[in-house]
Structure formats: C-alpha cells, structure tokens
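Just so it is clear, the model here is predicted, and its values are computed rather than measured. Computation of the quantities below employed the complete heavy-atom set of this structure, encompassing side-chain atoms and omitting hydrogens, waters and symmetry-equivalent molecules. Proteins get letters first, then strands, A, B, ... in listed order; numbering begins at 1 in each.
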Amino acid sequence: MTQAEIKLCSLLLQEHFGEIVEKIGVHLIRTGSQPLRVIAHDTGTSLDQVKKALCVLIQHNLVSYQVHKRGVVEYEAQCSRVLRMLRYPRYIYTTKTLYSDTGELIVEELLLNGKLTMSAVVKKVADRLTETMEDGKTMDYAEVSNTFVRLADTHFVQRCPSVPTTENSDPGPPPPAPTLVINEKDMYLVPKLSLIGKGKRRRSSDEDAAGEPKAKRPKHTTDNKEPIPDDGIYWQANLDRFHQHFRDQAIVSAVANRMDQTSSEIVRTMLRMSEITTSSSAPFTQPLSSNEIFRSLPVGYNISKQVLDQYLTLLADDPLEFVGKSGDSGGGMYVISILTTCHLLSSFLSRFGSRCARIFRLVLQKKHLEQKQVEDFAMIPAKEAKDMLYKMLSENFMSLQEIPKTPDHAPSRTFYLYTVNILSAARMLLHRCYKSIANLIERRQFETKENKRLLEKSQRVEAIIASMQATGAEEAQLQEIEEMITAPERQQLETLKRNVNKLDASEIQVDETIFLLESYH
Amino acid sequence: MSAESPPGQDWGRGHGAAEVAEPGFKRADFPPQLLLHWPRKLTNRELREAGLERHRLEEAQYISSWPRRGLRVGEGQQPLEFRPVPLPSGEEGEYVLALKQELRGAMRQLPYFIRPAVPKRDVERYSDKYQMSGPIDNAIDWNPDWRRLPRELKIRVRKLQKERITILLPKRPPKTTEDKEETIQKLETLEKKEEEVTSEEDEEKEEEEEKEEEEEEEYDEEEHEEETDYIMSYFDNGEDFGGDSDDNMDEAIY
C-alpha cells in the first residue's frame, strides 16, 4: 500500500468511525496481519478500545480474522475495501435509478451497518419509508421484501459467510473464533420468510396513547423475546456487482458516443444478457449468437435481423474493437483499455492542453515514434512539440526507448523512440488521484473546523426556530431569532457551504476516475 | 510629468509593458505595492513581483493581510494555463452530493462511531451525577452477533448486574442509572411546569405531581444533607448583597 493510499484510508476511517477506529485500522493496514495483544501494545491503546474498534471494523467487512495454530487469532485489514467507502453515494444512487426508493434505502442500510439480517433490513426500511409518507399511510413489509428478493436475484446483495452448523457436538471447548464458510450456491438464496407487518412511525408526542404518563415510557418498542426466523443469515452489499454495472454503463456510453444510439442499445443488450453468467474479472463475455441477441432486444427496437447483423459487423470491424467476432460472439472487457486511455486523454486535456493530448494519442496509436515523426504527424511546430514531449517525459507519462545503431551506443547514432506505457501511466495517474482526494478531504475538514463556531451557532438558531415553530410562535418572534445571525455571518456561511459543496463534488468526480483506473489492473 | 525619479528612490520597473491609457502617469512612477490596486489586469511577472512585495510588506506589518482580493480560478500568483474540468452538476450531481453529505452526518450518529473517552476532569463536578456518560464499562452500544466474532473480542460487563440488584432495594440512594433518569425527568417536569399555563385539569395533576415531588424533594434534601453539613434551603449565595441601596446615597450604611 502506498503512502497516499494509507493517508486516504486514515482520513476516511476517521471521518466515518472516529479516531480510535482510525488508529487501529491504519496500524493494521500498515503492518499486515497481527493478533490482538500486539495491536494494543504497538498502538498504545487500551485493550478495551482495541476490542471495540475491531468489532466495528469486522462488522463493516473492513477487517477479517483468521485462527492460527495454538489458538491465536490474527486480524487483517483490507485497504482496498476501505477505499470503497468513497463510492457509497454512487452505489446508493445507482440502486435508486434501478429499483427506486425502496431499493435505495435497502442498500443504504446495508452499507451503513455493514451486515444485517433480512428481517432487520426490511423492518428498518419500512420504518424509514413510513416516516416520509403522508399521515396515516404505512409501508407494507411485503413490498420491501419483494424489492429485497429482486436485489438478491440480480446479485446486488449477497449473503455473508456464516457459521457452519456442526452436526456432531464438539467434545472439547469451542474454538476461539469461528471459521466462516459460504457455499457458492447459497450466496444469493433468500430464506423463506413470511414477514408480515407494517412500518411503524416514530411516535410523536401527539400520538402517544392517552393516559400514559411520560415518566413511564417503555424502553423498547420492539419485542426482543420473539426468535428471529432468519437468525444468523446476514446480508451485505455486493460491491463487485456494482462495479460491473458501472463498467457496463461506461461501455455503453462510450459506444453511444462513438456510434449511434442503436448500436449502444445492442451492446447494452449483450451485456445485460451476460450479466450473471460472466464473472466480473473475465476478459471477455460469453459468446452470444446473433439470434439470441435478436430475441432479447428491447421491445421498442424493431429492427430486422439483417440490420442487426449489419450493426454487429460494424461493431466488430471498429478499430477500437468493442465487439470481437468469434463465431458470432461478443467481447466485452477489451473495452476497458480503451476507456482508460480515453480517460487519460481527457485528464491531459485539462492539464497540458489539447496539443499534448494530440501527441499522446498519436504516440499511443503508432506505438513508437521518433521526435521528428511526432512533429510531422501531429502538425505541431518543432519547438512546441519538443517542449511538450519533454514535459510529458518528466511526468512519466511517456518513456524513451533507445535503439542503438552502432555497438558503442553513441548518442548521435541511436534512435530515441517515444512510447507510451499505458500501465505505468495509469498507475501514476491513480496515485495522483489518491493524493488529490486526500487533499480535498483535508481541505474540507480544515474549512469546517475554521468556521466551527459559526456553524454551531447557526445550528442552534435553527433548532430554536424549529422548536418555536412546533409550539406555534408568531412571525415577529421568528424573525427576531433569525436576526441573531448577522448579515456578514450569513455570507460567511454561504461561502463556506459553497466551498464545501465544491470540494465534495470534486471528490465524487475524482472517485469516478479512480474507478476506471483501478479496473485496469 | 517628469520622467526623473527623485534621488535616492528607485521606482524604476522598466517592464517594457504597454503604456497606461490614463492621462499623466506612467506606471513606472508608482511603487510596487501600489500596483496591487491598479484597476486593470497585470501580466504574470508583475503579479508575481507584486505578490512577493506584498508578502514582504505583510510580514513587516505595513499592510494588513485581510481582506484579500477575491481570487477566482486563474487570478492567483500562478495563473492556470487551462481551466479545470467542470464539476458534475444537474440533478444527478446534486443528488449524489446531498447524499454524500447526509451519509457523512448519519455515520457520526450511528453507534459504530466511537468517540474517544472524555478525560476525567480533575475535580469531580456536581453535574457529573446528572450526566449520562458513555456506555457502561466501555462496552459497545450495539449488539453484534457474538457467534460470528472471536471470543476474545467480547468485553465482559459484570458491574451492570450488580447495580441492577440494588435498584430493588427501596429508598437506598446509590448512584444507579434509574435514579439518574428519574432526577432528570423531575428536572424536566419542573422546567415545564414553570412555562405551562395552568388550567383546572392541569392544576390537579400538578398538585399530585407536586406532592410526589415534594416528598422526593424532601428526600433529596435529606440525601444532600447526608453529604454536606449545611441545610440547602438556608444557603444564600450573596446575590442580594449590596443591591438594595441604590437610590439614596445620603443615608449612611452601617
């Protein structure tokens, strides 16, 4: 793990889980697998705090454990999983577009809590949905369960590995930690639950049952005594499936940009058909015959078979090789390299200018070029071309290949060829992205900390206004309270809010780049 | 307008930049620091030099560092060659942005967010009795499925059970959590009583509550009496002292 990644992980953990968890998490990422006491000793935190932190991290699938010989349990952190936390909003938004609000809330609850049983998820989501509905209406559990089942069928949520059920009773003491196993077939198997019920609205004081004195409010509204039918079956969000979906989206939009809408629809159909049959890291999708594609096209597109065949040949012949022909088949993952290069290009455009991008694309296409050839092909004056080439060289986007003419490698008699090594360029850009996100997060935290006093004041004023509105105050009183925040303060707040929003939006955008670059490994 | 500068002062800039359209002055006549307020755009070099000069003057406290001129993208000391890519906007961008901020806030409220333990203040405060500190005995706020976790991660909570037993004994004042909640509730109802407008029904209720509270208040006072030697109701914290004799300063005060 590079320093930049570790720094980013530390910032993310701190923002979402607090400092104690951050300390433990970063330590584990840095040093690898360690047992409990060593962690406590090395980080200088008390044993209790370490235990708490590890519970949280394991719950959220960020740390895994393993039992070694002599009963020692070692804990290991997954750095890449921590970095996924940047992408949570994108996952949730994607589910919203696919499965509307119910699906969105299901995935949100799963991401916020790490792992949950199905009944717990359904209950929480139903309660939340009921809150937002009008008075008197409640959300039925059945609807939420249906959406959950659909999410499981399309593999967006999956079961967590569970404790194996031992048929024979162990004579000795139970092992210090269970080894969790998961059967491939069972990963998306939804247990047969008959969840009957409706969402409960949180009780406001008006709706309290009459005659209930406030001092004797019951501590728990849920009944803990009932055994939960799906006890022990936990579900988590399947991030790989989301990544596959993002990839498909990127491919389809790239095709649409390059060609027209219809061809992108064809590609989308092909991808959808092979969604479940292809694992996410395969280089090519399963071969599909054109008949199958024809049958699965969406209803609105009534194009004849010949037209479809024409499109397929067009796609196959395209120099970017979206679709490959191997007996009427389709290839998908080849596109990723193209997408990465497009991204690299666009990042060039922003930093070096369009001329650099032109040179870069040229060298990429022709693989190796001499300096003079670069000038000729790109139609850029020699001085500028030289300048840009050297700039890119210094940033390691390009590398130089020496081809000596004579055995003594004299510089005047060797060819120096410029070439682009995509992998290293991508890796370098990725590293830069991590650093920039870390900077963005730090800057945002700094801005918030600077204006902390003002933020607290405005929060207090809002709380006062809200409570006064609830008890029915007049306009004049409300205005008086609002004037507690003076105009320059209000302006400062506005500026702060704008800045924070900009920084957040930048984070989201850089994360998209990171996604594309990471999928290239 | 003379082109000679007074002896001993070197304003000379000698940029070779374009002449100013304003009548009468040459830019070369003005000292670098004043160039900051020049109402037209400056070249990069001028900006940089003005910035350096400004920095020097700021450090020497000749000019204040606040307020800074509003800096937009490309107007700083090192102007950008190319504009940055526009940020995602529109419905999707805004929704994702709002979602991100909401998630951030929500995660801080969840029990998974572990705050570092508040350090014990050196003197025990009176209010500590009425404040609910964090989870008891450093345990965690939520219940994970212990069957899935290694056994060593479970924090033993034994003290809680002892406390539970003592609650059953009546009228013994140990510092139990139940007691704290009751006192907090009492304080709340007292507060509300002061604000409420009384109606007949409320009066009756209040009387009942008052009686209960009086009994408990007396009980509380007894409790306090056990701790201190002074009767709390006789305590006078001296606010009234010296406030009466405002008007007539003729009379002497003995």
Run the numbers on A/H16 and B/R108 for side-chain contact (heavy atoms from CB on, under 4.5 Å), then give the verdict. CA-CA 6 Å; A/H16 292 154; B/R108 295 185 85 95; over 6 Å; no
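- Only the backbone of A/Q14 comes within less than 4.5 Å of a heavy atom in chain B; its side chain stays farther off.
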From CA spacing to verdict: side-chain contact (heavy atoms from CB on, under 4.5 Å), B/K100, A/R90: CA-CA 9 Å; B/K100 185 179 202 322; A/R90 205 171 160 198; over 6 Å; no
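- Using modelled atom types, one finds a donor on one side chain and an acceptor on the other under 3.5 Å when comparing B/Q101 with A/N501.
- Heavy atoms closer than 4.5 Å to chain A are found in both the backbone and the side chain of B/L97.
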For A/K96 and B/Y95, run side-chain contact (heavy atoms from CB on, under 4.5 Å): C-alpha distance rounded to whole Å, both residues' side-chain angles, the deciding distance at 0.1 Å, then the answer. CA-CA 11 Å; A/K96 186 187 173 76; B/Y95 187 84; 3.4 Å; yes
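- Aromatic rings from A/H60 and B/Y112 are positioned such that their centres are separated by under 6.0 Å.
- Of the two parts of A/K502, the backbone and the side chain both hold a non-hydrogen atom closer than 4.5 Å to a non-hydrogen atom of chain B.
- Of all the listed residues (A/L54, A/L36, A/V50), the one sharing the greatest number of non-hydrogen pairs under 4.5 Å with chain B is A/L36.
- In this structure, OH in A/Y91 is found 13.5 Å from CG in B/L99, a value given to the nearest 0.5 Å.
- Listed here is the closest heavy atom pair of A/I92 and B/L103: CD1-CD1, 3.8 Å.
- Of the two parts of B/E92, the backbone and the side chain both hold a non-hydrogen atom closer than 4.5 Å to a non-hydrogen atom of chain A.
- Using a 4.5 Å cut-off between heavy atoms, A/I58 contacts chain B through its side chain alone, with no backbone atom that close.
- For the pair A/E15/B/M107, no side-chain contact is recorded, criterion being any heavy-atom separation below 4.5 Å from C-beta on.
- Counting heavy-atom pairs closer than 4.5 Å to chain B, the top residue among A/L47, A/N113, A/V21 is A/N113.
- Put simply, the side chain of B/R104 reaches to within 4.5 Å of the side chain of A/R444, judged on heavy atoms.
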